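What follows is a short report on a single structure.
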Amino acid sequence: MRKSRAKRKSHGFSHNSQKVGLAPGSLIYTGGERNWKPEISLITYDKENIDTQKIDQLSKLPHLDTNKVNWVNIDGIHDVDLIQKTGKRFNLHALVLEDIVNANQRPKIEEFEDYLFFTVRVIRVDEKDGEIQEEQISFILGDHFVLSFQEHKGDIFDYVRERLKNKLGRLRSAGSDYLVYSLLDTVVDHYFVVEENITMRIEQHELEIIQNQGSKNLSQMILGLKDQVLIMRKAVVPLREAVANLKKGTSSLIADGTINFLNDLYDHINHQIDGVEMSRDSITNLIELNSIYQNNKLNEIMKVLTMISTVFIPLSFLAGLYGMNFNNMPELEYQYGYYWVLTVMGILIILMILFFKRKKWL
């Protein structure tokens with residue numbers, strides 16, 4: 001995870017460096033390399049009817065019915081030309097288009113005369129390796145339409161589409177503002193899934209350390225979790241500020257009935273931030289616990305080596321004493337001198353081991 005994240009950062013720096021000196025509103029895609037064709041979809045619905053279409057190109061996008069809610073979704077913000085044409089079609093500000101193609105944009109909400117602009121970070125757990133994936137999604141909320149711009153193919157909004165299709169809840173009878181709320185709520189719900197995954201892995205690593213089963217890569221895995229929590233924090237904290245401004249109800253595009261749901265969304269984000277802070281503290285404690293475990297393990301090794309050295313010090317003395325080549329050493333010619341020396345050495349070993357055990361050093 002750390003390696004891939006470092007790689008992603010290097011790509012971002014490379015693309016961001018191309019923007020130096022350019023005029024504000026210049027469109028430069030700052031995400032990873034993409035070579036697939038963007039996909040456009042349109043969902044038009046009201047209380048009674050719903051229609052879903054796949055659009056080959058933006059020029060084939062039909063005129064939007066002002067009496068219904070129109071959700072236009074574009075997968076592929078790497079196609080700068082497509083984003084620019086979309087901006088012209090819906091009369092979007094050049095700075096908004098610049099933020100849409102900036103894959104490293106900070107989550108925020110901006111209010112314009114005819115629409116609201118949202119950008120959020122979507123974070124989800126990869127089912128294969130358990131790592132988290134992140135991408136930027138931008139929304140444009142108009143009077144009768146919602147535009148969503150996604151960095152990757154596929155998304156987390158299938159449940160919202162299912163609710164629209166099967167007339168579940170109040171989504172079909174509400175306006176475009178409630179659709180945006182539902183999309184934001186889905187994003188925040190996935191934050192909880194990611195948080196649960198991180199919490200589970202923290203508890204697992206803590207148990208490994210306590211049971212003295214820590215692997216050599218445990219420190220690296222803990223730092224990987226720390227990176228994931230940092231990604232979560234960068235996504236959630238700015239989103240709270242944005243939703244706090246949105247729920248004030250200053251925009252005519254937000255109905256009074258939607259404000260209550262935004263208040264609930266704000267509470268969920270606060271809850272999520274509390275979870276992120278707790279995870280940060282838990283990882284800090286985990287790092288300290290792992291460090292204590294490693295130090296204790298090293299101390300045990302040094303203790304054993306010290307005991308061995310201590311045992312062999314008197315034996316080395318005796319071996320060195322009788323290894324000297326002096327003529328006047330009466331023990332050198334003693335018939336059983338060799339066996340007596342071995343016996344003395346053995347007794348010394350036994351006495352020292354008994355002494356260590358009595359002192360509870362062993």
Side-chain angles (χ1 to χ4, degrees), residues 24-27 29 38 40-46 53 55 58-59 61-77 79-103 105-122 136-151 155 157 160 164 171-172 174-188 238-259 261-262 265-266:
S26 300
L27 304 189
Y29 172 63
I40 305 173
S41 65
L42 170 63
I43 299 179
T44 303
Y45 66 91
D46 58 13
Q53 303 179 49
I55 311 298
L58 187 66
S59 60
L61 183 68
H63 180 73
L64 302 184
D65 190 343
T66 57
N67 296 319
K68 298 181 179 180
V69 177
N70 303 269
W71 177 14
V72 180
N73 180 74
I74 298 177
D75 293 339
I77 62 175
D79 192 332
V80 175
D81 184 58
L82 173 61
I83 302 302
Q84 197 164 28
K85 291 179 179 178
T86 305
K88 291 181 179 179
R89 172 74 182 266
F90 291 92
N91 194 26
L92 303 180
H93 197 282
L95 294 178
V96 170
L97 301 180
E98 182 183 12
D99 289 339
I100 289 174
V101 297
N102 181 7
Q105 180 62 50
R106 186 176 187 266
K108 64 178 181 177
I109 292 178
E110 293 182 348
E111 183 176 349
F112 293 84
E113 183 177 357
D114 299 324
Y115 60 88
L116 294 177
F117 170 62
F118 307 75
T119 178
V120 298
R121 304 296 298 179
V122 173
Q136 173 175 298
I137 295 184
S138 300
F139 301 107
I140 301 292
L141 169 62
D143 181 44
H144 59 280
F145 67 89
V146 173
L147 306 180
S148 57
F149 302 86
Q150 305 196 46
E151 187 177 355
D155 56 34
F157 303 129
V160 176
L164 285 172
L171 193 55
R172 286 275 293 273
S176 55
D177 57 335
Y178 189 81
L179 173 60
V180 168
Y181 155 74
S182 299
L183 298 176
L184 292 176
D185 186 58
T186 302
V187 171
V188 174
L239 184 59
R240 177 177 62 178
E241 301 172 4
V243 173
N245 293 328
L246 185 65
K247 72 186 186 70
K248 292 179 182 178
T250 58
S251 174
S252 60
L253 294 172
I254 304 297
D256 293 338
T258 308
I259 298 296
F261 293 97
L262 291 175
L265 178 64
Y266 183 77

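All of these numbers come straight from a predicted model, not from anything done at the bench.
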Evaluation steps, side-chain contact (heavy atoms from CB on, under 4.5 Å), between V146 and N70: CA-CA 6 Å; V146 173; N70 303 269; over 6 Å; no

Chi angles and distances behind the salt bridge (charged side-chain N to carboxylate O under 4.0 Å, His left out) call for E111, K248: CA-CA 12 Å; E111 183 176 349; K248 292 179 182 178; over 6 Å; no

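Remark: the S148 side chain and the N73 side chain contain an N/O donor-acceptor pair separated by less than 3.5 Å. A donor atom on one side chain and an acceptor atom on the other are not found under 3.5 Å apart for D99 and T119.
Not counting sequence neighbours, the partners of F261 by the ring pair (Phe, Tyr, Trp, His ring centres under 6.0 Å) test are Y178, Y181.
Ring to ring, F145 and Y115 are not that close: their centroids are 6.0 angstrom or more apart.
Residues L141 and I254 meet the side-chain proximity criterion, which asks for heavy atoms closer than 4.5 Å. Taking the side chain as every heavy atom from C-beta outward, L147 and I74 never approach each other to under 4.5 Å. Two residues are said to be in side-chain contact when any heavy atoms from C-beta on lie closer than 4.5 Å; V69 and H144 fail this criterion.
Here CD of Q105 is found 9.0 Å from CZ of R121. Values are rounded to the nearest 0.5 Å. T44 contributes atom OG1, which lies 7.5 Å from atom CG of D65 (distance to the nearest 0.5 angstrom). A distance of 5.0 Å separates CG in L116 from CG in L253, rounded to the nearest 0.5 Å. Here the straight-line distance linking atom CG of L239 with atom CD1 of I109 works out to 7.0 Å at 0.5 Å rounding. In this structure, CG on L179 lies 4.5 Å from CG on L183, to the nearest 0.5 angstrom.
Atom CG of D81 has more than 12 neighbouring heavy atoms from other residues, nucleotides or ligands inside a 6.0 Å radius. K85 NZ: 12 or fewer foreign heavy atoms inside a 6.0 Å radius.
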